[in-house]
**Q** 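Sharing a structure below in structure tokens format, with a few things to ask.
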Amino acid sequence: MSTVDPREIIAKSLGGMLAQGRTYPRPLHPDIAPWYCYVLDGGHSILVSLDSEALADPPGWQDLMDNLVPAPVKAVERAGWRMVEGFPVSRLPYDPELGLLTEPGDDEFGEEAAPSVPAAKMAALAVGEPYPRQLPWRDGTCEIRINEHGVEFLLAFASPKPHEVKAFRQGNAEFALVPGQHHVMWAYKFTDPQDSNSRHGIPWSDQPWEYHRQAAVSPTGAPAGRGGSFPLQLVLVDADTGVVEALRLVGPPAEFADALRDAVDAQAAVPFDPAAADREIAAVYARCATTTDLVLSAVARWEALRDGTVR
């Protein structure tokens, strides 16, 4: 009898990208049913260990853990699987650069399809290609766009250094929220725990966001799904060229997600008063000499770790 606990492994592997309370619309084979999960950027999935050259023969428990990926249910059923040490192992096509290769019709998001919108937006972006919207790129530009489908967090550096790109794409991403009546302040930090140089990465910085300023140029509103996560799409752009340098999709825990929803709803309920917003933001900066000081007053804070988990 296997001692593997699929629920525990799924939670550890997917972290904030796991949507709770979802079920597949039809019964699944008893082998793979315990490994069912709903992933924010992938929809209805099965967490499987890839049957590839990277898998030891015979595979041990850690080998199986190291090769886990969420794959669309239809792709797993089509490719088939074998059970090893309690894990479903499937020979699915995988490319080191592109990731899991599946058919377009394999992705299923069910009736609650909001997560598919940010996933589609991410697919339209590609590292090495220009960001589709023309923005007044400046070194250090940070733009946050919030709507019912999720959040896009865009950061632009002039010729970003390799350690900045690595920390953004693969390191620990930390966020904190400090809401006001007319704005919410985002604090952010990206570090690479494998880099011994403490000066590397992207140190704490901050960016105010205002509901009415975004509403004047594009639709906005609190991300749907109160009580759960939402897709947070991270984009790093070279400010000199407008070219995308790194992409990443993460999902904040429900506590942080609902704190943002509360802040957005509160701003939407008050009239647009840009002068009041400016005074409010100035008062925050007068009170907090550094972003670290700002973080100490945060109502919500979380970190997406490089191994895919959150804390």
Side-chain angles (χ1 to χ4, degrees), residues 16 118 133 135-157 168 173-191 201-237 239 250-304 310:
R133 283 191 291 122
L135 296 175
W137 304 113
R138 296 184 302 275
D139 187 26
T141 295
C142 180
E143 180 176 297
I144 299 164
R145 303 180 75 83
I146 304 173
N147 60 45
E148 63 177 318
H149 303 301
V151 177
E152 180 184 66
F153 177 94
L154 188 148
L155 192 59
F157 285 164
F168 188 94
E174 193 167 357
F175 299 92
L177 288 181
V178 182
Q181 184 179 17
H182 298 277
H183 84 292
V184 59
M185 193 74 73
W186 282 71
Y188 55 90
K189 177 184 179 182
F190 298 87
T191 57
I202 301 171
W204 276 117
S205 191
D206 51 78
Q207 176 66 35
W209 179 87
E210 299 174 45
Y211 175 93
H212 292 288
R213 289 192 190 275
Q214 180 179 321
V217 295
S218 65
T220 186
R226 180 168 292 275
S229 186
F230 58 73
L232 172 56
Q233 180 172 270
L234 308 178
V235 187
L236 179 65
V237 173
V250 296
E255 181 182 4
F256 183 96
D258 282 347
L260 177 66
R261 292 179 179 111
D262 290 341
V264 173
D265 288 341
Q267 288 186 55
V270 300
F272 184 28
D273 189 339
D278 290 343
R279 290 193 300 270
E280 193 174 83
I281 293 168
V284 171
Y285 285 132
R287 184 176 71 249
C288 302
T290 66
T291 303
T292 303
D293 295 332
L294 180 72
V295 171
L296 294 176
S297 62
V299 300
R301 180 175 172 180
W302 77 292
E303 188 173 11
V310 300

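Here the structure is a predicted model, which means the values were calculated and not measured.
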**Q** How long is the straight-line distance from CE of M185 back to SG of C288, given to the nearest 0.5 Å?
**A**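 So the SG of C288 and the CE of M185 are separated by 8.0 Å.
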**Q** Any idea which heavy atoms bring V295 and A187 closest together, and the distance?
**A**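 Minimum heavy-atom separation between V295 and A187: CG2-CB, 3.7 Å.
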**Q** Closest heavy-atom contact between W137 and L154?
**A** CZ3-CD2, 3.4 Å
**Q** Side-chain contact, heavy-atom cut-off 4.5 Å: W204 with T290?
**A**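 Side chain of W204 against side chain of T290, heavy atoms only: no contact under 4.5 Å found.
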**Q** For the side chain of H182 and the backbone of H212, is there at least one donor-acceptor N/O pair under 3.5 Å apart?
**A** no
**Q** Which heavy atom of P179 sits nearest a heavy atom of A263, and at what distance?
**A**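 Shortest heavy-atom separation between P179 and A263 comes out as CB-CB, 3.9 Å.
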**Q** Which heavy-atom pair separates R145 from S218 by the least distance, and what is that distance?
**A** NH2-OG, 2.6 Å
**Q** Counting C-beta onward and ignoring hydrogens, is there a side-chain heavy-atom pair between D262 and V299 closer than 4.5 Å?
**A** no
**Q** Does P219 reach the side chain of N147, with side-chain heavy atoms less than 4.5 Å apart?
**A**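 Of all side-chain heavy-atom pairs linking N147 with P219, none is under 4.5 Å.
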**Q** For D258 and G227, indicate whether the former's side chain and the latter's backbone hold a donor-acceptor pair under 3.5 Å.
**A** yes
**Q** State, to 0.1 Å, how close V184 and Q267 come at their nearest heavy-atom pair, and which atoms those are.
**A** N-NE2, 3.3 Å
**Q** Under a 3.5 Å distance rule, please check whether R138 uses its side chain to pair with a backbone N or O of A239 as donor and acceptor.
**A** no
**Q** Below 4.5 Å, heavy atoms only, C-beta onward: do W209 and V264 meet side chain to side chain?
**A**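 A side-chain contact exists here, since the closest heavy-atom pair is under 4.5 Å.
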**Q** Could you please spell out the steps behind the side-chain contact (heavy atoms from CB on, under 4.5 Å) verdict for F157 and I202?
**A** CA-CA 10 Å; F157 285 164; I202 301 171; 3.6 Å; yes
**Q** Is the shortest side-chain heavy-atom distance between W302 and V250 below 4.5 Å?
**A** yes
**Q** Could you state the interatomic distance from CZ (F175) to NZ (K189), rounded to the nearest 0.5 Å?
**A** 12.5 Å
**Q** Determine whether I281 and E210 make a side-chain contact, defined as any pair of heavy atoms from C-beta on separated by less than 4.5 Å.
**A** yes
**Q** Just by distance, with hydrogens left out, do E280 and H183 show a side-chain donor and acceptor under 3.5 Å apart?
**A**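 Judged by distance alone, the side chains do pair up.
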**Q** T220 side chain to I146 main-chain N or O, any donor-acceptor pair under 3.5 Å?
**A**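 Pair found, side chain donor or acceptor close to backbone of I146.
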**Q** Check whether any side-chain heavy atom of F153 lies under 4.5 Å from a side-chain heavy atom of C142, and answer yes or no.
**A** yes
**Q** Run the side-chain contact (heavy atoms from CB on, under 4.5 Å) check on D206 and W186 step by step: do they pass?
**A** CA-CA 5 Å; D206 51 78; W186 282 71; over 6 Å; no
**Q** Start with the C-alpha gap between L236 and L234, add the side-chain angles, then the distance that decides, and say whether side-chain contact (heavy atoms from CB on, under 4.5 Å) holds.
**A** CA-CA 7 Å; L236 179 65; L234 308 178; over 6 Å; no
**Q** Say you draw a straight line from OH of Y285 to CG of L294; how long is it, rounded to the nearest 0.5 Å?
**A**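 Y285 atom OH to L294 atom CG measures 7.5 Å (nearest 0.5 Å).
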**Q** For L296, is there any backbone N or O sitting under 3.5 Å from a side-chain donor or acceptor partner on R301?
**A**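 Flag not set: sc R301 to bb L296 has no pair under 3.5 Å.
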**Q** Minimum heavy-atom separation for Q214 to I144, with atom names?
**A** OE1-O, 3.8 Å
**Q** Hey, what do you get for OH (Y188) to CG (L155), rounding to the nearest 0.5 Å?
**A** 5.0 Å
**Q** Are the side chains of P231 and H149 in contact, using a 4.5 Å heavy-atom criterion?
**A**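 Side-chain contact under 4.5 Å: no.
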